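The structure under discussion appears below in the form of C-alpha cells.
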Amino acid sequence: MERAARPAVERPAPAARRANSHDVMTTFSTSSELGRHVGQTVTLRGWLYNSRSSGKLHFLEVRDGHGIAPCVVSLRDVGEEAFRAAGGLAQETSLAVTGAVSAHPKRPGVFELQVKELAVIGAPRAPYPISPKDHGVEFLMDHRHLWLRSRRQHAITRVRHTIVKAIRDFFDGRDFTLVDAPIFTPNACEGTSTLFETDYHGQPAYLTQSGQLYMEAAAAAFGKAYCFGPTFRAEKSKTRRHLSEFWMVEPEVAFTDLEGVMALAEDFLCFIVERVLETRRPELAVLERDVAKLEAVKKPFTRMSYTDAVAEVARLRAERTAAGGAAPAAPTAPATGEGAPEAADEAPAVERELVWGDDFGAEDETLLSQRYDTPVMVHRYPAAVKAFYMKKDATDPRLALGVDVLAPEGYGEVIGGGQREDDLDVLEAAIAAHALPPEAFRWYCDLRRYGSFPHGGFGLGVERTVAWICKLPHVRETIPFARMLHRLSP
RNA sequence: UCCAGCUUAGCUCAGUCGGUAGAGCAGGCGGCUGUUAACCGCCGGGUCGCAGGUUCGAGUCCUGCAGCUGGAGCCA
C-alpha cells in the first residue's frame, strides 16, 4: 500500500524506474513489488537476512524494508569469484542484487530473483548479534534497534502503523477536529496517578497522564474533538500490560451521553479491526494470528452493567475452581524463530472475594473478556472507584456513568471512558470530596460555568490495542522503543 | 512497595548424588545444484552474576547483595 519515498542515493533517473519500464538494469524495485516484474531484470537494495548454500547454489534472503525476497545465486550464472563472494556474506550485509524475476518453483505467490550481479554496499564489521535462533527478552530489548529488523517485529510495527492510520481516518471521517493536548501539565489531571515530575523553569510540572480535561474544553469549541499523543505514567508497574510511555487517543463529544459514548467506542473498534483485516493479512500471517477471532469482532458488543459483571465474575470464578482451580490462561503468542517470549505461568492470585464496590482485578478482566468473542462493555461502575469528573447515574447515585471496554481473548481493558459531570455544583463538590485544589480546576469548572452541556468521551490505549490485534504476550513489542520501569534505552 | 522464579561460551540452554565444563546457533575452514531457523565434517570460544560460608573438594549446598523476568496494586 504505502510506498516509501526513495532516498536520493537510489536515483538514476526517475523515468527509468517506473514499474512499466521494460528497460533492463535500471529498474529498481522492492521485494513487495516483484510480482509485477516477472521476466524483467530488476535491482533490489537491502540487507542479507539469512542465507543457505547448496554447493553450486546460494540462497540469499534479502530484506529491503518491505519484505524478504529469495535471491538465487548460481555458480553457472555469476562465475566462480562472484559465487564464492556471495557464499561468504555475513548476516545483515547491505547489498544490491540485480537479476531476473521469476515465480518461486515451490511457493505459490512468491517471486524470486535469479541473481546476475551482486554488489556489497556495507559489510558488517562484527557478527550480527541477533542470530537466527532463540534469544531472551532482555537481550532482544537491549538490541531493540536491531531487533526491529526481524520479520516478526516488522509485521507488528506495520500493524501498529495501520492502526494509527485507522484511528485518524475514523475520527477525521466523522468530522472530529484534532486538538493537541499539552504534554507538560501543572497538576495531575485526575489527581490520583503517579506522574513524572520535571523542572519547568523553576516550578514543578508533570508529564501528562491524559488529555481528557483539555478535550472537554475542545468539545465546547469544536463539538467533536480528539487528541492523539504520548502519555506518561510513573507507577512502578511491571506487567505485560504496562508501559511508562504509551500512546492514547482521546475523543470527546458534546451533547452526548453514556449510550452515545458506548456506540462510538463500538464503531471505532470495529473500524480499526476491519482496516487491519483489509490491509494487513500478510503481517497477521507472519504473526500466526488466528484471524477468525478478529473477524468475529462485529456489532453489537456485549454490554453489561458493573453490577451484572460482578455476579458474572463470581460465577466464572466458581466455574474455574470447579474445573480444577487453574488461573485463566494468559494470552500467549506462538513461539517463533525470533524468540517470541512465552508468557510465564500465571501465579495463582490471592483470591479474596469480589464484592460489590470493588474494582475488578486484572485476573477478573481476563476471565470476563475470555468469555465472549466480541469486546465486552462494562458500564455504570460504583462512583467511589472512579474519577471525580464522572457523572453520577440519575437513577442510582452510587453509580458513575463510566464504561470500560475489555478486548476479547483475555486482553482486558483497551478503552476507558464515560459521560462527564456537567453540573457545576456537583462537580465542585466532587473536587472538594477528592481533596483536589479548586484553583487548579477553575478553568475546568469554567466549562460548566459558561454554557454547560452533556458530553462524554473515552481514551484508547494504542499499545494494548496492538497487542490484542496481533495477539502478543506483552505490550513491549507493540511500540518501537518501549519505556518501562527498567528500560530507558536504546 | 510486596510475592515468586531465573542468572553457566557472543546468544539460547543442559549440567545426575558435591568430584574440577557440555550441546545447538553465531564465528573460522571444508563439502553439497532448489535450500526454507537447510544439512554434514572439522576448529577456536568459559572469572559458572558478585561477596562470604560449609567441605579434602562447590556450577551444584547455605547466607547476603545485585541484575533480570513474571505477577499483585494502579491503570490505557
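From a predicted model like this one, the values you see are computed outputs, not experimental measurements. Letters A, B, ... mirror the listed sequences (proteins, then strands); counts begin at 1.
- Here A:Glu112 lies in heavy-atom contact (under 4.0 Å) with a base.
- Considering only the side chain of A:Glu61, B:A38 comes nearest among B:A76, B:A38, B:G70.
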Dump the pairs, protein N or O against N or O of nucleotides 23-26 of chain B, anything under 3.5 Å, distances to one decimal.
none

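- Distance A:His143 NE2 to B:C11 P: 8 Å, rounded to the nearest Å.
- Separating the C1' atom of B:C2 from that of B:G44 is a span of 47 Å, rounded to the nearest Å.
- In this structure, CZ of A:Arg151 is placed 9 Å from C1' of B:A37, rounded to the nearest angstrom.
- Between A:Glu138 atom CD and B:U69 atom P the separation is 6 Å, expressed in whole Å.
- A:Leu460 comes within 4.0 angstrom of no nucleic acid atom, judged by non-hydrogen atoms across all strands.
- The residue A:Phe139 sits close only to the backbone: its heavy atoms come under 4.0 Å of sugar-phosphate atoms, none of a base.
- As a whole-Å value, the separation of A:Asp359 CG from B:A76 C1' is 13 Å.
- Looking at heavy-atom distances under 4.0 Å, A:Pro129 makes no contact with the nucleic acid at all.
- Base pairing of B:C2: its partner is B:G71, meeting the Watson-Crick or G-U wobble criterion (both donor-acceptor distances under 3.5 Å).
- Using atom C1' as the reference point in both B:C65 and B:G22, the two lie 30 Å apart (nearest Å).
- Separation of the C1' atoms belonging to B:G73 and B:A14 is 38 Å when rounded to the nearest angstrom.
- Considering only side-chain atoms of A:Thr239, the nucleotide from B:G70, B:A76, B:A72 that sits closest is B:A72.
- A:Phe388 contributes atom CZ, which lies 5.0 Å from atom CD1 of A:Ile431 (distance to the nearest 0.5 angstrom).
- In terms of phosphate contacts, A:Arg233 brings no side-chain nitrogen or oxygen within less than 4.0 Å of OP1 or OP2 of B:C74.
- Nucleotides B:U60 and B:G53 are separated by 14 Å at their P atoms, to the nearest Å.
- Heavy atoms of A:Ala362 sit under 4.0 angstrom from primed sugar atoms or phosphate atoms, though from no base atom.
- Taking atom OH on A:Tyr411 and atom P on B:A76, their separation rounds to 19 Å, with Å as the unit.
- Among A:Arg158, A:Arg289, A:Arg151, A:Arg160, the one residue that satisfies the salt bridge (charged side-chain N to carboxylate O under 4.0 Å, His left out) test with A:Glu283 is A:Arg158.
- Regarding A:Leu60, its CG atom lies at a distance of 12 Å from the P atom of B:A38, rounded to whole Å.
- Pairing of B:C61, defined by two Watson-Crick or G-U wobble distances under 3.5 Å, is identified with B:G53.
- Proximity of a side-chain donor or acceptor of A:Glu92 to a complementary backbone N or O of A:Tyr128 within less than 3.5 Å is not detected.
- Of the C1' atoms belonging to B:G34 and B:C42, the separation is 26 Å, rounded to the nearest Å.
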Trace of the side-chain hydrogen bond (donor to acceptor under 3.5 Å, both in side chains) decision for A:Tyr306 with A:Asp359: CA-CA 9 Å; A:Tyr306 165 86; A:Asp359 209 346; over 6 Å; no
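- A 3.5 Å limit on both hydrogen-bonding distances identifies B:A23 as the Watson-Crick or G-U partner of B:U12.
- Taking atom C1' on both B:C3 and B:C62, the two are 22 Å apart, rounded to the nearest angstrom.
- Side-chain contact, A:Gln91 with A:Ser131: no donor N or O sits under 3.5 Å from an acceptor N or O.
- With a 3.5 Å ceiling on both atom-pair distances, the Watson-Crick or G-U wobble partner of B:U7 is B:A66.
- Look at NZ on A:Lys236: it is 18 Å from P on B:G73, rounded to the nearest Å.
- Relative to the side chain of A:Glu413, the nucleotides B:G30, B:G70, B:A76 differ in distance, and B:A76 lies closest.
- Between A:His486 and the phosphate of B:C68, there is a side-chain N or O to OP1/OP2 separation shorter than 4.0 Å.
- Each of A:Val414 and A:Arg52 has a nearest nucleotide on RNA chain B; the 5'-most of these lies closest to A:Arg52.
- Protein atom NE2 of A:His135 is 18 Å distant from nucleotide atom C1' of B:C68, rounded to whole Å.
- A close approach under 4.0 Å does occur between a side-chain nitrogen or oxygen of A:Arg241 and OP1 or OP2 of B:A72.
- Note on A:Thr231: nothing from the nucleic acid sits closer than 4.0 angstrom, heavy atoms only.
- Looking at A:Ser53, its side chain has no donor and acceptor atom pair within 3.5 Å of the base of B:G31.
- Taking side-chain N and O atoms only, A:Arg476 has a distance below 4.0 Å to OP1 or OP2 of B:G70.
- Panel note: side chain A:Ser369, backbone A:Ala407; a donor-acceptor pair is recorded below 3.5 Å.
- Between A:Tyr389 and A:Tyr444, the ring planes lie perpendicular to each other; the angle is over 60°, past the 30° to 60° tilted range.
- Using C1' as the reference atom, B:G31 and B:G46 are 30 Å apart when rounded to the nearest Å.
- Note: A:Phe176 and A:Phe170 fail the aromatic proximity criterion, with ring centroids not under 6.0 Å apart.
- For B:G41, the paired nucleotide is B:C29, the pair qualifying as Watson-Crick or G-U wobble because both relevant distances are below 3.5 Å.
- Checked for salt-bridge contact, A:Asp142 and A:Arg487 meet the test: a charged N lies under 4.0 Å from a carboxylate O.
- Here A:Phe232 and A:Tyr206 keep their ring centres 6.0 angstrom or further from each other.
- Heavy atoms of A:His104 sit under 4.0 angstrom from at least one base atom.
- Rounded to whole Å, the C1' atom of B:C25 lies 16 Å from the corresponding atom of B:C43.
- Note that CD of A:Gln212 is 5.5 Å distant from CD of A:Glu252, once rounded to the nearest 0.5 Å.
- Residue A:Gln114 places its side chain closer to B:G34 than to any other of B:G34, B:C32, B:U1.
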